[in-house]
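Just so you know, these numbers come straight off a predicted model, no measurement behind them.
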Amino acid sequence: DASEVKKDLTALIRERKELEPDEARAQQRISVIRRFLGTLKALKKEMEVAEYLPSPLLKEIDAVVNRIEQTMDEQE
């Protein structure tokens with residue numbers, strides 16, 4: 001009986017995931033954007049420490065990061 005309940009529960013979970021593809025896409029989108037922001041921030045910090053880019057350009061990168069974060073906040 002326990003194995004049947006487990007199978008039924010697994011089937012219900014799979015059905016739920018299949019029924020909500022828009023939600024899955026939205027979660028994937030947020031995940032990719034967060035990963036992008038993390039990478040961009042890390043590279044910006046590396047460029048700043050090594051003094052590879054001028055200060056005004058680094059400020060522009062910060063502004064882009066802030067705009068992306070605001071867009072994400074508005075859409076959540």
Side-chain angles (χ1 to χ4, degrees):
D1 286 329
S3 63
E4 287 180 31
V5 170
K6 185 177 177 181
K7 287 179 186 178
D8 290 341
L9 181 58
T10 302
L12 285 173
I13 291 171
R14 284 186 185 149
E15 285 177 22
R16 183 167 186 258
K17 286 183 181 178
E18 290 173 4
L19 291 176
E20 299 173 2
D22 290 339
E23 184 177 324
R25 270 189 236 116
Q27 288 176 352
Q28 177 68 19
R29 177 183 169 277
I30 290 170
S31 175
V32 169
I33 292 172
R34 283 189 179 140
R35 205 167 60 239
F36 169 74
L37 286 173
T39 302
L40 185 58
K41 288 177 183 179
L43 288 171
K44 183 248 176 196
K45 185 69 170 175
E46 187 176 332
M47 296 291 173
E48 185 177 21
V49 170
E51 296 180 355
Y52 288 150
L53 295 175
S55 181
L57 187 54
L58 294 171
K59 289 179 183 178
E60 285 183 43
I61 294 171
D62 281 334
V64 168
V65 168
N66 288 335
R67 284 195 309 240
I68 294 171
E69 288 174 339
Q70 288 174 354
T71 301
M72 284 182 58
D73 290 342
E74 291 170 0
Q75 293 179 356
E76 287 182 354

Legend entry - Asn66 CG to Asp73 CG distance, which is reported to the nearest 0.5 Å: 10.5 Å
Compile the donor-acceptor pairs under 3.5 Å between side chains in residues 36-53 and protein atoms, sequence neighbours left out, one pair per line.
{"residue": "Thr39", "atom": "OG1", "partner": "Arg35", "partner atom": "O", "Å": "3.0"}
{"residue": "Lys41", "atom": "NZ", "partner": "Glu69", "partner atom": "OE2", "Å": "2.8"}
{"residue": "Lys44", "atom": "NZ", "partner": "Glu48", "partner atom": "OE1", "Å": "3.4"}
{"residue": "Lys44", "atom": "NZ", "partner": "Asp62", "partner atom": "OD1", "Å": "3.4"}
{"residue": "Lys44", "atom": "NZ", "partner": "Asp62", "partner atom": "OD2", "Å": "3.3"}

Inset, instruction - Provide the full list of salt bridge (Lys or Arg N to Asp or Glu O under 4.0 Å) pairs with a residue in residues 24-34, sequence neighbours left out, each pair given once. - result: Asp22-Arg25, Arg34-Glu76
Inset, instruction - Could you list all the salt bridge (Lys or Arg N to Asp or Glu O under 4.0 Å) pairs where at least one residue sits in residues 4-13, not counting sequence neighbours? - result: none
Inset, instruction - Sequence neighbours left out, what passes side chain to side chain contact (heavy atoms under 4.5 Å, CB included) with Pro56? Give chain and number order. - result: Pro54
Legend entry - Glu60: side chain to side chain contact (heavy atoms under 4.5 Å, CB included) partners, not counting sequence neighbours: Leu57
Legend entry - Polar side-chain atom of Ser31 near backbone of Gln27 as donor-acceptor pair, under 3.5 Å: no
